[in-house]
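Worksheet: the structure to be examined is printed underneath.
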Amino acid sequence: MSLLSVIIPCYNEQENVPFFYEEFLKNEAFFRERGMDFELIYVNDGSRDATVAEIKKLHEKDSRVRLISFSRNFGKEAAMYAGLEKSKGDYVVIMDVDLQDPPSLLPEMFAGIDEGYDCVATRRVSRKGEPPIRSFFARRFYRLMKHISKTEIMDGARDYRLMTRQVVDAIVSMREYNRFTKGIFGWVGFETKWIEYENIERAKGETKWNFWKLLIYSIDGITAFSTMPLSVAAFMGVFFCLVALLLIVFIVVRTLIFGDPVSGWPSLVCIISMISGVQLFCIGIVGQYLAKTYMEVKNRPIYLVKEEI
Ligand code: UDP
Ligand code: MG
């Protein structure tokens, strides 16, 4: 009998925990038909509400429910990593507890595995129900990533993926601290089938993301999967050197021909401010990479477990 591990990151999701369980069990007949067992690994990412109590309640009535509870909030990336690392299944799927990743897609996803794919991923083709500026910037982000990164990162891709053990082991072997899973999935490769669906609004509770968090997350994504900003900084340096060279020639020649009327103080101030701005911007880019390198070098654990059932 093969085993499916379901990884469910939860952060302050007390209402959704039992709700998800019920929705998921609607697939039970499908699993029985396939001769397949499953384990539900709820990863509690330092929730401050009754999430853990709800998961324990489920565990008491169904031993297939497992709990990994963190010592504090480490973020969804860490929760997914913990789940992947501790999963035992031949197949593993990551799902949000808010039911934005519909469990009803699972039979279609398994059909993909039967066709011989290593990985079946999902992407949203619409973003209805999302604030328009968020959708706008999300689209720009994916467009930008397409140009500056060699790793394929699909627009609208969810973390909702069904993977074989081989793919899971590959992902677990990537122990980087700054995790950007959407990029990691692309980086490890393997044959991936994409399933598209319309966006579904979360069942209960509220999203944990706001605009700033997403912006910072996108910068993490860029630094994790592209070094293009460093090249842009270097290119800007060369560009401004050339401009300065041309200006020097121009001014020397002009002075020799027309004399020196000692003017141009305002333009000088403008040029100095602009160039110092560009310099600070470039130092900032270098700083971003340095900071990420610093965090990686410290080699801290990605998550800390407080309790495991
Ligand atoms: N989540 C988590 N840790 C966090 C934030 C979110 O484990 O720090 C979980 C959350 O409980 C949910 C999933 O990640 O199951 C997706 O979060 P959310 O629905 O808030 O994001 P959205 O769907 O709006 O992108
Ligand atoms: Mg959600």
Side-chain angles (χ1 to χ4, degrees), residues 6-21 23-24 40-56 58 67-85 93-103 121-124 126-142 153 155-161 177-185 197-224 295 301-307:
V6 187
I7 298 165
I8 316 146
C10 308
Y11 178 48
N12 295 342
E13 305 270 13
Q14 53 183 15
E15 298 119 326
N16 285 323
V17 166
F19 198 45
F20 175 89
Y21 175 79
E23 282 296 312
F24 187 83
L40 295 173
I41 310 176
Y42 283 93
V43 185
N44 166 46
D45 184 14
S47 303
R48 258 167 263 135
D49 62 359
T51 302
V52 177
E54 290 292 337
I55 299 169
K56 282 182 178 164
L58 287 181
L67 164 71
I68 301 169
S69 195
F70 287 176
S71 60
R72 63 167 170 86
N73 179 247
F74 280 87
K76 187 186 176 189
E77 295 288 344
M80 289 193 286
Y81 185 78
L84 289 172
E85 202 174 38
V93 64
I94 302 174
M95 296 173 88
D96 282 4
V97 73
D98 59 8
L99 290 170
Q100 280 189 302
D101 300 332
T122 59
R123 66 185 278 262
R124 306 186 279 191
S126 74
R127 287 175 171 272
K128 74 171 172 5
E130 200 185 56
I133 50 163
R134 183 177 300 181
S135 307
F136 175 79
F137 280 104
R139 293 239 158 76
R140 290 282 110 22
F141 170 75
Y142 286 109
I153 297 170
D155 184 1
R158 304 276 308 165
D159 295 322
Y160 185 20
R161 264 176 199 253
Y177 186 80
N178 296 298
R179 301 191 72 76
F180 185 69
T181 304
K182 286 186 172 67
I184 291 175
F185 285 139
Y197 70 99
E198 295 278 322
N199 189 31
I200 300 168
E201 291 190 41
R202 71 166 22 244
K204 296 188 166 84
E206 268 173 17
T207 174
K208 309 297 177 301
W209 294 91
N210 57 36
F211 189 78
W212 284 111
K213 274 196 189 163
L214 281 172
L215 185 72
I216 290 167
Y217 186 56
S218 67
I219 293 173
D220 285 347
I222 291 171
T223 48
M295 292 312 286
I302 297 168
Y303 62 90
L304 289 173
V305 174
K306 183 179 156 209
E307 194 182 6

Taking only Lys NZ, Arg NE, NH1 and NH2, and the carboxylate oxygens of Asp or Glu, determine whether Arg202 and Glu13 approach each other closer than 4.0 Å. yes
Report the C-alpha separation of Leu99 and Ile200 in whole Å, then their side-chain angles, then the decisive distance to 0.1 Å, and conclude whether the side-chain contact (heavy atoms from CB on, under 4.5 Å) test is met. CA-CA 8 Å; Leu99 290 170; Ile200 300 168; over 6 Å; no
Looking only at heavy atoms, which two atoms of Ile7 and Gly83 are closest? And how far apart? CD1-C, 3.3 Å
Please report whether the ring centroid of Phe74 lies less than 6.0 Å from that of Tyr81. no
Could you tell me if the side chain of Phe180 sits less than 4.5 Å from the side chain of Ile153, heavy atoms only? yes
Value rounded to 0.5 Å, distance of OG1 in Thr207 from CG in Asp98: 8.0 Å
Heavy-atom distance under 4.5 Å between the side chains of Tyr217 and Lys76, does that happen here? no
Has Tyr21 got a side-chain atom pairing as donor or acceptor with Leu58's backbone, closer than 3.5 angstrom? no
Using the rule given for side-chain contact (heavy atoms from CB on, under 4.5 Å), can you reason through Val43 versus Phe70, listing the C-alpha separation, both sets of side-chain angles and the distance that settles it, and then say yes or no? CA-CA 8 Å; Val43 185; Phe70 287 176; 3.7 Å; yes
Considering all heavy atoms, the nearest Ala78-Ile302 contact: CB-O, 3.6 Å
Asn73 side-chain N/O to Gly46 backbone N/O, donor-acceptor pair under 3.5 Å: no
Which atom pair, heavy atoms only, marks the closest approach of Ala79 to Pro9? CB-CB, 3.8 Å
Output for pair (Leu215 CG, Asp220 CG), nearest 0.5 Å, gives 10.0 Å
Quick one: does Asp96's side chain have a donor or acceptor within less than 3.5 Å of a partner on Asp101's backbone? no
Before you tell me yes or no, could you show the steps for Glu307 and Lys56 under side-chain contact (heavy atoms from CB on, under 4.5 Å), namely the whole-Å CA-CA distance, both residues' side-chain angles and the distance that decides it to 0.1 Å? CA-CA 11 Å; Glu307 194 182 6; Lys56 282 182 178 164; 3.0 Å; yes
Is the terminal nitrogen or CZ of Arg140 (NZ for Lys, CZ for Arg) located under 6.0 angstrom from the six-membered ring centre of Phe136 and within 45° of that ring's axis? yes
Please report the shortest heavy-atom distance between Ser47 and Asn44, naming the atom on each side. OG-OD1, 2.6 Å
Distance, nearest 0.5 Å, that separates CD of Gln14 from CG of Asp49: 4.0 Å
To check you understand the geometry: which heavy-atom pair defines the closest contact between Tyr197 and Gln100, and what is its length? OH-O, 3.0 Å
State, yes or no, whether a side-chain contact exists between Asn12 and Lys208 at a heavy-atom distance under 4.5 Å. yes
What distance separates Asp45 CG from Ile68 CD1, expressed to the nearest 0.5 Å? 11.5 Å
Inter-residue atom distance Ile94.CD1 - Arg158.CZ, 0.5 Å rounding: 11.5 Å
Nearest-0.5 Å distance that lies between atom CD in Glu77 and atom NZ in Lys182: 7.5 Å
Between Glu85 and Tyr303, does the side chain to side chain donor-acceptor pair (under 3.5 Å) criterion hold? Intermediate values first, please. CA-CA 11 Å; Glu85 202 174 38; Tyr303 62 90; 2.4 Å; yes
Mind listing the closest non-hydrogen atom pair of Arg161 and Phe185 along with its distance? NE-CD1, 3.1 Å
Quick one: do Phe20 and Glu15 satisfy side-chain contact (heavy atoms from CB on, under 4.5 Å)? Show the steps, please. CA-CA 9 Å; Phe20 175 89; Glu15 298 119 326; over 6 Å; no
Say whether, by atom type as modelled, one donor and one acceptor occur between the side chain of Asn16 and the main chain of Phe19 under 3.5 angstrom. no
